[in-house]
Participant: 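Structure below; questions to follow.
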Amino acid sequence: MDRRRGLIERYRKYLPVSEKTPVITLNEGNTPLIKAVHIDEVMRAGVRLYFKYDGLNPSGSFKDRGMTLAISKAAEKGVKAVICASTGNTSAAAAAYSARAGMGAIVLIPEGQIAMGKLAQAMIHGAMVMQINGNFDDALRLVKELVEKHNFALVNSINPFRIEGQKTAAFEVCEQLGNAPVYHALPVGNAGNITAYWKGYREFLSEGKIGSLPKMLGFQAAGAAPIVKGSPVEHPETIATAIRIGNPAGWKGAVAARDDSGGVIDSVTDEEILSAYKFIASREGIFCEPASAASLAGVIKLSEQDFFSEGDTIVCTLTGHGLKDPDNAIKLSRQPVRVSADINSVEKVITGCCI
Ligand code: F0G
């Protein structure tokens, strides 16, 4: 199989496309599954943990999986522009794929609450970017109203093509592991991705490609945990801005994934998220954005409750690349040392730290 062809060609028979569908692709998917090598430092049971590093998609997040299909289907319909609400990554992916398709993109984002890299992406790809003085939930409400009146394709995950595209991540995990993992952990925001993974795993089971299903573990940020609380959160707050959502559109799908798989949806504090974020970068060598680290933060939290057994295989999806959010990376790291440009001064600093 040619892995450079993009998801639609690779998984055509599992996706709602025909010969008439123009394939808009940036060769997304086929992201690495990387084994954690220092996980015993932060977890109790001797588990095998892997990171599905979806930040290595073309626009730097898992959204590309859904966007290749959503934009291809919009192009098939002859739509002139797409529209979305976003905490950043959806807008980046929508802007990139619609640029390639020659369509307009309109994005509504919460003002001051999206990471800088994501804003830069939407802008450079030429989207019409609107910062609203509200949160993601307000933005989604507005775009839903707008598509009632105008011929735009809505490309948030309430668009079923987004879910269809994103389910391919589960296919890849199964192919990379040779079976399904025992647990699959991921951050939950608008709750599309957990719904998509669960659909993908079930389809691979019914195709006989895997012999068992994983238990789905979803983690919301403590200040934005409506599913855990059982009611919408009016003013969601978290440092993990990607999942700063108080009323997820995919609520039902997430609950079904949890209950049908025998899994868990729990919350993790910003402190737990940042501690996992730093561990992934400084011990495993992988740079993800803070929201992505909610997957590992949740797994660490459960392991402290002796949730896992020795030998369990756990996959944590790292949903977005760390470069999306350079501000947090810089704020949370040791600051560069200022040294004058002579060998003695430089050596003095090195002696203090490494030799
Ligand atoms: N991780 C990252 C990096 C995200 O950007 C998102 C969602 C999630 C996790 C949660 O995924 O919504 O399917 O439960 N970002 C959306 C956006 C909301 O607008 O970019 P979900």
Side-chain angles (χ1 to χ4, degrees), residues 52-57 59-67 70 83-96 105 107-110 113-115 117-119 121-122 127 129 132 135-140 143 154-159 162-163 165-167 169 185-199 216-221 224-227 236 238-255 257-258 265 268 273 276-277 280 287-298 316-325 328:
K52 178 66 171 162
Y53 192 17
D54 245 9
L56 290 189
N57 274 298
S59 85
S61 87
F62 71 98
K63 306 285 181 180
D64 295 345
R65 296 180 179 278
M67 210 52 79
I83 188 165
C84 66
S86 183
T87 57
N89 281 322
T90 299
S91 59
V107 307
L108 271 71
I109 54 173
Q113 293 293 340
I114 84 165
K118 305 174 188 181
L119 181 61
Q121 289 177 288
V129 180
I132 62 157
N135 59 30
F136 171 86
D137 305 291
D138 299 316
L140 187 59
V143 300
L154 194 158
V155 294
N156 281 104
S157 58
I158 49 177
N159 177 333
R162 281 277 314 277
I163 303 297
Q166 283 172 217
K167 75 184 179 189
L186 66 171
V188 173
N190 207 28
N193 213 25
I194 191 168
T195 307
Y197 267 96
W198 182 233
K199 186 168 199 291
M216 301 302 296
L217 308 176
F219 300 101
Q220 301 193 294
I227 301 176
T238 169
I239 193 162
T241 50
I243 53 172
R244 188 175 173 272
I245 294 175
N247 192 10
W251 194 314
K252 281 198 190 126
V255 167
R258 177 194 67 193
I265 296 184
V268 281
I273 290 173
Y277 170 66
I280 296 165
F287 193 20
C288 66
E289 63 174 287
S292 303
S295 57
L296 181 65
C316 290
T317 301
L318 300 181
T319 45
H321 200 289
L323 288 171
K324 296 270 191 178
D325 190 355
N328 271 318

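Fair warning: this is a prediction, and the values are worked out from it, not measured in the lab. When a ligand or atom number is given, it counts from 1 through the structure's own listing order.
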Participant: Short question: side chain of T238, backbone of R244 - any donor-acceptor pair under 3.5 Å?
Facilitator: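 Checking the backbone N and O of R244 against the side chain of T238, no donor-acceptor pair under 3.5 Å is found.
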Participant: N/O to N/O below 3.5 Å, does that happen between S86 and ligand 1?
Facilitator: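 Yes - when backbone and side-chain N and O of S86 are compared with those of ligand 1, one distance drops under 3.5 Å.
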Participant: In the protein, what heavy atom is nearest to atom 13 (O) of ligand 1, and what distance, to one decimal place, separates them?
Facilitator: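 Sorting protein heavy atoms by distance from atom 13 (O) of ligand 1 puts N193 N, 2.8 Å first.
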Participant: Taking the minimum heavy-atom distance to atom 12 (O) of ligand 1, which of L140, T195, N190 ranks first?
Facilitator: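 Residue with the shortest heavy-atom distance to the ligand atom: N190.
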Participant: Which bit of K324 gets closer than 4.0 Å to ligand 1, counting heavy atoms only: side chain, backbone, both or neither?
Facilitator: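 For K324, there is no contact with ligand 1 at all, from either part.
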Participant: Taking only heavy atoms of T90, which atoms of ligand 1 are found under 4.0 Å from at least one of them?
Facilitator: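 Numbered from 1, ligand 1 contributes 16 (C), 17 (C), 19 (O), 20 (O).
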Participant: Does the N or O separation between S292 and ligand 1 drop below 3.5 Å for any pair?
Facilitator: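 In this structure, S292 places no N or O atom under 3.5 Å from an N or O of ligand 1.
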Participant: Nearest heavy atom to atom 15 (N) of ligand 1 wins, so pick from K63, E289, H321.
Facilitator: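 Shortest heavy-atom distance from atom 15 (N) of ligand 1: K63.
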Participant: Answer yes or no: is there a donor N or O on one side and an acceptor on the other, between the side chain of D325 and the main chain of A115, under 3.5 Å?
Facilitator: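 Not at all, since once roles are kept as given, no pair shorter than 3.5 Å links the two residues.
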Participant: Keeping the roles fixed (side chain from D137, backbone from N247), state whether a donor-acceptor pair exists under 3.5 Å.
Facilitator: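 Pair found, side chain donor or acceptor close to backbone of N247.
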Participant: What atoms of ligand 1 come closer than 4.0 angstrom to any heavy atom of T319?
Facilitator: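 This gives 1 (N), 2 (C), 3 (C), 9 (C) as the contact atoms.
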Participant: Test your reading of the structure: does V188 have an N or O sitting under 3.5 Å from an N or O of ligand 1?
Facilitator: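 For ligand 1, there is no N or O atom that lies under 3.5 Å from one belonging to V188.
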Participant: Considering only non-hydrogen protein atoms, determine which one is nearest to atom 10 (C) of ligand 1 and report residue, atom name and distance to 0.1 Å.
Facilitator: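 Of the protein heavy atoms, G189 N, 3.5 Å lies nearest.
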Participant: Specify the protein heavy atom at minimum distance from atom 11 (O) of ligand 1: its residue, its atom name, and the distance to 0.1 Å.
Facilitator: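 It is F62 CZ, 3.4 Å.
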Participant: Without swapping roles, check the side chain of S295 against the backbone of L186 for a donor-acceptor pair under 3.5 Å.
Facilitator: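 A pair under 3.5 Å: no.
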Participant: Just to be sure I read this right, does ligand 1 sit under 4.0 Å from the backbone of K118, its side chain, both, or neither, counting only heavy atoms?
Facilitator: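 K118 to ligand 1: no contact under 4.0 Å from either part.
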Participant: Are any of the heavy atoms in S61 under 4.0 Å away from ligand 1?
Facilitator: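 It does not, in that no heavy atom of S61 comes within the 4.0 Å cut-off of ligand 1.
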Participant: Starting from the C-alpha separation in whole Å, work towards a yes-or-no answer on side-chain contact (heavy atoms from CB on, under 4.5 Å) for I243 and T87.
Facilitator: CA-CA 7 Å; I243 53 172; T87 57; over 6 Å; no
Participant: Taking T319's backbone N and O only, do any of them form a donor-acceptor pair with T317's side chain (distance below 3.5 Å, no angle check)?
Facilitator: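 No; judged by distance alone, with no hydrogens or angles, the pair does not exist.
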Participant: May I have the step-by-step check of side-chain contact (heavy atoms from CB on, under 4.5 Å) for S59 and D64, ending in yes or no?
Facilitator: CA-CA 7 Å; S59 85; D64 295 345; 2.6 Å; yes
Participant: Given side chains that start at C-beta, do those of I280 and Y53 come closer than 4.5 Å, heavy atoms only?
Facilitator: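 The answer is no, as the side chains (C-beta and beyond) never meet within the 4.5 Å cut-off.
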Participant: One pair to check against side-chain contact (heavy atoms from CB on, under 4.5 Å): K199 and Q166. What are the steps and the verdict?
Facilitator: CA-CA 9 Å; K199 186 168 199 291; Q166 283 172 217; over 6 Å; no
Participant: So is there a nitrogen or oxygen of G320 less than 3.5 Å from a nitrogen or oxygen in ligand 1?
Facilitator: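 No; every N/O pair is 3.5 Å or more apart.
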Participant: So for ligand 1, is Q166 a polar contact partner (N or O within less than 3.5 Å, distance only)?
Facilitator: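 No, there is no polar N/O contact under 3.5 Å.
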Participant: Side-chain contact test, heavy atoms from C-beta onward, threshold under 4.5 Å: evaluate it for N57 versus S61 and give yes or no.
Facilitator: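 SC-SC contact between N57 and S61 ruled out.
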Participant: Quick one: does P187 get within less than 4.0 Å of ligand 1, heavy atoms only?
Facilitator: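 Checking ligand 1 against P187, which is what was asked, there is a heavy-atom contact under 4.0 Å.
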Participant: Check ligand 1 against G192 and write out every atom of the ligand that is under 4.0 Å from a heavy-atom position of the residue.
Facilitator: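 Counting atoms of ligand 1 from 1, those under 4.0 Å from G192 are 13 (O), 14 (O), 21 (P).
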Participant: Within the 4.0 Å heavy-atom shell around N89, which atoms of ligand 1 are there?
Facilitator: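 In order of number, 2 (C), 3 (C), 4 (C), 5 (O), 20 (O).
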Participant: Is a side-chain N or O of N190 found less than 3.5 angstrom from the main chain of G192, in a donor-acceptor match?
Facilitator: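 No: the side chain of N190 does not pair with the backbone of G192.
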Participant: Which residue owns the protein heavy atom closest to atom 8 (C) of ligand 1, what's the atom, and how far is it?
Facilitator: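 Closest protein heavy atom to atom 8 (C) of ligand 1: I243 CG2, 3.6 Å.
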Participant: Mind checking whether F287 and Y277 have parallel, tilted or perpendicular rings, split at 30° and 60°?
Facilitator: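 Geometry flag for Y277 against F287: tilted rings.
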Participant: Report yes if some heavy atom in the side chain of I227 is under 4.5 Å from a heavy atom in the side chain of P248; otherwise report no.
Facilitator: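 The answer is yes, as the side chains (C-beta and beyond) meet within the 4.5 Å cut-off.
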Participant: Any N/O of S91 closer than 3.5 Å to an N/O of ligand 1?
Facilitator: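 Between S91 and ligand 1, no N or O pair is found under 3.5 Å apart.
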Participant: Does an N or O from I245, backbone or side chain, lie closer than 3.5 Å to an N or O of ligand 1?
Facilitator: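 In fact, backbone or side chain, I245 has no N or O that close.
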